[in-house]
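Note that the numbering runs from 1 along the sequence shown for the chain.
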Amino acid sequence: MPSASTGLLLFAVATAMTAQLNAQVSFGQLTVSRVVFGCAMGFYFIGLTQMSLSQVGPAQLASATSITNFLRTLSGSMSVAISMTLWDQ
């Protein structure tokens, strides 16, 4: 669970860094905020996977891992589709 908390904290830092950017942003400034965001994703998803699989027995672990990854991918795809639909309107 500490890694998920660290991930959320890094998400907040990356969001704050990105909020400070303007149209004259340099490549370096943009890169730093995206690197922090990428590190946040790593910390967050490792913690999320640990929490979601912590109560699963060894016999069901492979199936639980598969369904967890499938649902995470499906959620991301649906989020992108909904966001783009709303963006176009």
Rounded to the nearest 0.5 Å, what's the gap from CG on Leu8 to CZ on Phe43? Could you check?
12.0 Å
Nearest non-hydrogen partners of Ser33 and Ala14, listed with the distance
O-CB, 3.9 Å
What residues, two or more places apart in sequence or in another chain, satisfy side-chain hydrogen bond (donor to acceptor under 3.5 Å, both in side chains) together with Thr68?
none
Give, for atom CD of Gln29 and atom CD of Gln24, the distance between the pair rounded to the nearest 0.5 Å.
10.5 Å
Are Ile67 and Met78 grouped together when hydrophobic residues (ILVMFWY) are joined by side-chain heavy atoms under 4.5 angstrom apart?
yes
Single-linkage hydrophobic cluster, 4.5 Å side-chain cutoff, Phe37 and Leu21 together
no
Determine all donor-acceptor pairs shorter than 3.5 Å in which one atom belongs to a side chain in residues 82-89; sequence neighbours excluded.
residue, atom, partner, partner atom, Å
Ser83, OG, Ser79, O, 2.8
Thr85, OG1, Ala81, O, 2.8

Grab the two heavy atoms, one from Ala40 and one from Phe11, that are nearest each other, plus how far apart they are.
CB-N, 3.5 Å
Is any side-chain heavy atom of Leu10 less than 4.5 Å from a side-chain heavy atom of Met41?
no
Here the gap from Leu53 atom CG to Leu48 atom CG, rounded to the nearest 0.5 Å, amounts to 9.0 Å
Apply the side chain to side chain contact (heavy atoms under 4.5 Å, CB included) test between Met17 and each candidate in Val35, Leu30, Val36; give the one that qualifies.
Val36
